[in-house]
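Computed from heavy atoms alone, side chains included, the values below leave out hydrogens, waters and symmetry copies.
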Amino acid sequence: DLFPFRMDSEESVHFPLLESKSVERVLVIGSGVRGLLSEILKYPVREIDYLELDPALINFVKQYLSVSDRKALSDTRVKVFNTEARVFLNHYKGNKFDAVLLNTPAPYTAYLNRFYTYEFFKRVKNILSDGGVLSFTLPSKEDYLTREMRDFDASIYHTLIKVFPNIILIPGNKLRFIASSSSEFLTYNVDILFKRMVKYGLKTKFVNRYYFKMKFLPWHIDYVRRVLNSTTAVRLNYDFKPISYYYGMELFFSRFRSHLRDLLNMFIRVNVGVYFIAAFLFIFLIFIIEKRRMLGACVFSMGALGMSSVVLSVLGYQIVFGYVYHKIGLISAAFMFGVSLGASWLYKKVKHPHIKTLVYSLFLSGVYMICIPYIFKILKYVSPAMEIVSMSLPFFMGLIVGFVFPLANILYNRNKELLIPAAGLFYFYDLIGGAAAGVILSLVFIPLYGIFMSAYIIGFMAFVCSGFLLLDYYRRQ
């Protein structure tokens with residue numbers, strides 16, 4: 001029983017199931033092969049739906065499992081679904097579950113964050129029966145929470161309590177949440193829980209009356225609940241505003257002597273308006289100091305817009321349609337295909353390039369950038385077949401980027417014979433803009449301000465560039 005760790009498996013199963021009004025149907029999201037299935041089958045369950053994205057994982061670990069765990073996988077009551085959890089929940093129409101056991105890692109990344117958002121909890125609530133429970137864990141301590149750990153746990157706690165008003169907290173190296181819409185069956189009473197164990201005829205190695213007493217120490221429970229309840233300054237976690245992803249990064253970096261923790265702590269104190277002012281001043285100073293560099297600033301902005309469209313499309317697809325890693329290549333290819341067609345269109349169709357054409361292209365790219373999050377918001381409510389639309393969004397931004405790059409190059413060298421020097425310089429600007437947008441979006445804008453505000457900030461930069469270009473054109477006239 002060294003693999004899986006039996007004590008952790010017993011805790012993950014018996015703590016929530018003994019708090020549930022019924023245990024006929026259970027949904028397991030991730031890590032079911034570590035002993036959870038065999039523990040659940042000790043109850044009079046009729047059906048266990050086990051979501052495991054990677055089918056090869058189960059086949060690989062079977063040889064290392066105990067006999068009881070291998071039997072659990074082949075039990076007729078266990079149904080294994082090789083599908084993404086968000087996709088399964090979004091389209092599930094069957095009977096309601098009595099318990100949902102969420103066994104994914106803590107939300108340290110944008111991908112994992114999707115299992116701890118308000119929208120995810122709402123969807124889980126819709127598939128739970130009356131008195132059903134949701135259970136998961138987060139990194140924690142029972143006697144002291146650091147600031148980073150407190151903010152991380154409190155953000156998800158306050159998000160969860162907005163959906164499930166009744167929450168059992170079980171402190172430890174991992175803080176277990178057991179949430180339900182009804183308080184009728186939830187209890188910390190050790191005697192009641194032990195009677196339920198006897199009623200089900202459970203035979204366990206670790207979880208018993210004394211184990212409950214050790215885990216349910218009142219001063220630990222009161223301390224953790226008091227700290228979480230008093231930490232009200234944290235933001236709630238949403239699909240399109242994944243703030244817990246930021247708190248997770250803070251917690252991760254706090255474990256090392258890293259200046260990144262201080263940098264992240266600084267960013268959260270900055271008002272979002274500062275970034276709009278900074279973008280305006282950046283373009284304005286270029287316009288004042290050297291107007292010929294304005295074209296370079298435009299290419300820099302288009303590089304940022306192009307990279308941002310790909311990043312937002314990847315995250316948007318992940319939120320709406322689930323697992324995205326095998327589609328990232330297609331999303332990137334769609335953008336590059338758009339770039340090639342945009343450049344081809346310029347050279348074949350535009351005989352007399354004009355500065356106004358560049359202005360309109362920049363303005364259009366800004367509008368399109370702002371529209372991308374709204375498109376994904378709409379796609380949440382349409383057929384899964386529409387996922388091709390989400391993968392094609394970078395294509396249209398690629399068209400504009402591919403059109404603008406050679407257009408700016410031609411305008412810059414209008415009175416020169418050689419285009420090569422400007423092409424190399426503009427390519428540099430394009431790469432710097434794309435790299436800066438990719439880093440800042442991923443580490444700052446998206447986790448702190450969400451997908452919508454990130455699109456507004458990047459789109460605003462395109463509007464400023466187009467505005468100053470238009471101003472310079474009319475002044476010359």
Side-chain angles (χ1 to χ4, degrees), residues 11-31 36 40 43 49 51 85-86 88-89 92 96-107 112-140 142 145 150 152-172 174-189 192-193 196 212 215-216 220-232 234-239 243-244 247:
E11 227 182 83
S12 300
V13 171
H14 300 304
F15 280 5
L17 294 192
L18 290 172
E19 301 283 359
S20 179
K21 188 175 181 179
S22 175
V23 287
E24 291 185 356
R25 304 190 74 252
V26 179
L27 175 65
V28 179
I29 301 177
S31 301
L36 269 69
I40 297 172
Y43 292 83
D49 287 359
L51 307 185
R86 288 294 295 257
F88 179 89
L89 293 178
Y92 181 75
K96 293 192 173 184
F97 295 98
D98 299 306
V100 174
L101 308 184
L102 178 62
N103 300 298
T104 59
L112 293 170
N113 187 79
R114 301 172 312 116
F115 302 112
Y116 299 88
T117 63
Y118 173 79
E119 292 84 356
F120 178 80
F121 294 147
K122 283 280 287 185
R123 187 59 193 141
V124 170
K125 182 179 179 180
N126 291 336
I127 66 167
L128 279 176
S129 62
D130 182 37
V133 298
L134 163 67
S135 175
F136 61 88
T137 60
L138 292 176
S140 186
E142 63 267 61
L145 297 181
R150 178 199 66 199
F152 183 55
D153 291 352
S155 173
I156 296 173
Y157 170 74
H158 287 289
T159 304
L160 180 65
I161 206 169
K162 191 175 180 181
V163 180
F164 294 97
N166 306 289
I167 301 175
I168 290 282
L169 297 176
I170 306 176
K174 290 183 179 180
L175 175 61
R176 181 165 297 280
F177 294 76
I178 301 175
S180 178
S181 299
S182 172
S183 61
E184 177 186 356
F185 220 68
L186 297 182
T187 183
Y188 281 111
N189 191 300
I192 293 176
L193 292 173
R196 292 174 185 173
F212 282 127
K215 298 295 290 188
F216 290 0
H220 285 166
I221 296 170
D222 291 343
Y223 167 74
V224 172
R225 190 178 293 276
R226 185 176 67 254
V227 169
L228 296 185
N229 282 329
S230 63
T231 309
T232 55
V234 292
R235 305 176 197 172
L236 300 187
N237 196 34
Y238 296 94
D239 278 347
I243 187 63
S244 291
Y247 291 132

K.L.:
Counting N and O atoms only, with roles assigned by atom type, does the side chain of N237 sit under 3.5 Å from a partner on the main chain of I156, one being a donor and the other an acceptor?
P.N.:
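No, the answer is negative, given that no donor and acceptor are paired below the 3.5 Å cut-off.
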K.L.:
Cationic tip of K162 within the cone over Y118's six-membered ring, i.e. under 6.0 Å and within 45° of the normal?
P.N.:
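Flagged: K162 positioned over aromatic ring of Y118.
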K.L.:
For the residue pair I167 and I178, establish whether any side-chain heavy-atom pair is separated by less than 4.5 Å.
P.N.:
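No, their side chains stay 4.5 Å or more apart.
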K.L.:
Evaluate V26 against L101 for side chain to side chain contact (heavy atoms under 4.5 Å, CB included), listing each step before the verdict.
P.N.:
CA-CA 8 Å; V26 179; L101 308 184; 4.3 Å; yes
K.L.:
If you measure from OH on Y238 to OG1 on T159, what distance do you get to the nearest 0.5 Å?
P.N.:
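If we round to the nearest 0.5 Å, Y238:OH and T159:OG1 are 7.0 Å apart.
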K.L.:
For a 4.5 angstrom cut-off between non-hydrogen side-chain atoms, does V227 reach N229?
P.N.:
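When only atoms from C-beta onward are counted, N229 and V227 do not touch, as no gap falls below 4.5 Å.
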K.L.:
With sequence neighbours excluded, what pairs up with D49 under the side chain to side chain donor-acceptor pair (under 3.5 Å) test?
P.N.:
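Partners of D49 by the side chain to side chain donor-acceptor pair (under 3.5 Å) criterion come out as none, since no residue qualifies.
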K.L.:
List the atom of P107, the atom of L112, and the distance in Å for their closest heavy-atom pair.
P.N.:
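P107 and L112 have their closest heavy atoms at CA-CB, 3.8 Å.
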K.L.:
Tell me the closest heavy-atom pair linking R196 and E19, and the distance in Å.
P.N.:
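Residues R196 and E19, closest heavy atoms: NH1-CA, 4.0 Å.
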K.L.:
Evaluate the ring-ring contact (aromatic ring centres under 6.0 Å, His included) criterion for residues F212 and Y188: first the C-alpha distance (whole Å), next the side-chain angles of each, then the deciding distance (0.1 Å), finally the verdict.
P.N.:
CA-CA 9 Å; F212 282 127; Y188 281 111; over 10 Å; no
K.L.:
Rounded to the nearest 0.5 Å, what separation is found between the CD atom of E142 and the CG atom of L145?
P.N.:
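E142 CD to L145 CG: 9.5 Å, rounded to 0.5 Å.
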K.L.:
Looking only at atom types and distance, does a side-chain atom of N103 sit under 3.5 Å from a main-chain N or O of G30, one as donor and one as acceptor?
P.N.:
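Judged by distance alone, yes, a pair lies under 3.5 Å.
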K.L.:
Check the pair Y92, F97 against ring-ring contact (aromatic ring centres under 6.0 Å, His included), reporting the backbone distance first and the verdict last.
P.N.:
CA-CA 11 Å; Y92 181 75; F97 295 98; 5.1 Å; yes
K.L.:
Provide the closest heavy-atom pair for T231 versus V234 in the form atom of the first, atom of the second, distance.
P.N.:
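Nearest heavy atoms, T231 then V234: O-CG2, 3.5 Å.
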K.L.:
Can you tell me how far CD1 of I192 sits from OG1 of T187, rounded to the nearest 0.5 angstrom?
P.N.:
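One gets 4.0 Å once the value is rounded to the nearest 0.5 Å.
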K.L.:
With a 6.0 Å cut-off on the ring centroids, do Y43 and H14 count as close?
P.N.:
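Ring centroids of Y43 and H14 are less than 6.0 Å from each other.
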K.L.:
Yes or no on side chain to side chain contact (heavy atoms under 4.5 Å, CB included) for S140 and K174, after CA distance, side-chain angles and deciding distance?
P.N.:
CA-CA 5 Å; S140 186; K174 290 183 179 180; over 6 Å; no
K.L.:
Is a donor on one side and an acceptor on the other found under 3.5 Å between the side chain of E119 and the backbone of D239?
P.N.:
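A pair under 3.5 Å: yes.
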K.L.:
Are L128 and F164 packed together at the side-chain level, in the sense that at least one heavy-atom pair is separated by less than 4.5 angstrom?
P.N.:
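The answer is yes, as the side chains (C-beta and beyond) meet within the 4.5 Å cut-off.
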K.L.:
Is it the case that the side chain of H158 and the backbone of L228 share a donor-acceptor pair, with hydrogens and angles ignored and the cut-off at 3.5 Å?
P.N.:
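Checking the backbone N and O of L228 against the side chain of H158, a donor-acceptor pair under 3.5 Å is found.
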K.L.:
Show your reasoning for whether side chain to side chain contact (heavy atoms under 4.5 Å, CB included) applies to F177 and I168.
P.N.:
CA-CA 6 Å; F177 294 76; I168 290 282; over 6 Å; no
K.L.:
Restricting to side chain to side chain contact (heavy atoms under 4.5 Å, CB included), what partner residues turn up for K96, sequence neighbours left out?
P.N.:
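Scan of K96 (side chain to side chain contact (heavy atoms under 4.5 Å, CB included), adjacent residues dropped) gives S129.
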K.L.:
For S244 versus F152, what's the shortest heavy-atom pair and its separation?
P.N.:
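Of all heavy-atom pairs spanning S244 and F152, the closest is O-CE1, 3.7 Å.
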K.L.:
Does T117 use its side chain to pair, donor to acceptor, with the backbone of F120 at less than 3.5 Å?
P.N.:
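Checked: pair present.
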K.L.:
Quick check: does any side chain N or O of R86 sit under 3.5 Å from a backbone N or O of R114, one acting as donor and the other as acceptor?
P.N.:
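Answer holds: yes.
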K.L.:
Ignoring hydrogens and geometry beyond distance, is a side-chain donor-acceptor pair present between Y116 and T104 at under 3.5 Å?
P.N.:
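Yes.
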K.L.:
Over all heavy atoms of both residues, which pair between L36 and S31 is shortest? Give the atoms and the distance, please.
P.N.:
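Of all heavy-atom pairs spanning L36 and S31, the closest is CD1-O, 3.9 Å.
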K.L.:
If you compare all heavy atoms of L17 against all heavy atoms of A99, which two are closest, and at what distance to 0.1 Å?
P.N.:
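The pair with the smallest heavy-atom distance is CD2-CB, 3.5 Å.
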K.L.:
Starting at OG of S20, measure out to CG of D98 and round the result to the nearest 0.5 Å.
P.N.:
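Answer rounded to 0.5 Å: 5.0 Å.
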K.L.:
Take V28 and L51 through the side chain to side chain contact (heavy atoms under 4.5 Å, CB included) test and state the conclusion after the steps.
P.N.:
CA-CA 6 Å; V28 179; L51 307 185; over 6 Å; no
K.L.:
Would you give me the side-chain donor-acceptor pairs under 3.5 Å for residues 130-138, sequence neighbours excluded?
P.N.:
{"unit_1": "S135", "atom_1": "OG", "unit_2": "R176", "atom_2": "NH1", "d": "2.9"}

K.L.:
In Å and rounded to the nearest 0.5 Å, what is the CD1 to CG distance from I243 to N113?
P.N.:
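One finds 9.5 Å between CD1 of I243 and CG of N113.
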K.L.:
Using the ring of Y247 (Phe, Tyr or Trp, six-membered ring only), decide whether R150 places NZ or CZ under 6.0 Å from its centre and within 45 degrees of its axis.
P.N.:
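Relative to the ring axis of Y247, which defines the angle, R150 lies outside at least one limit.
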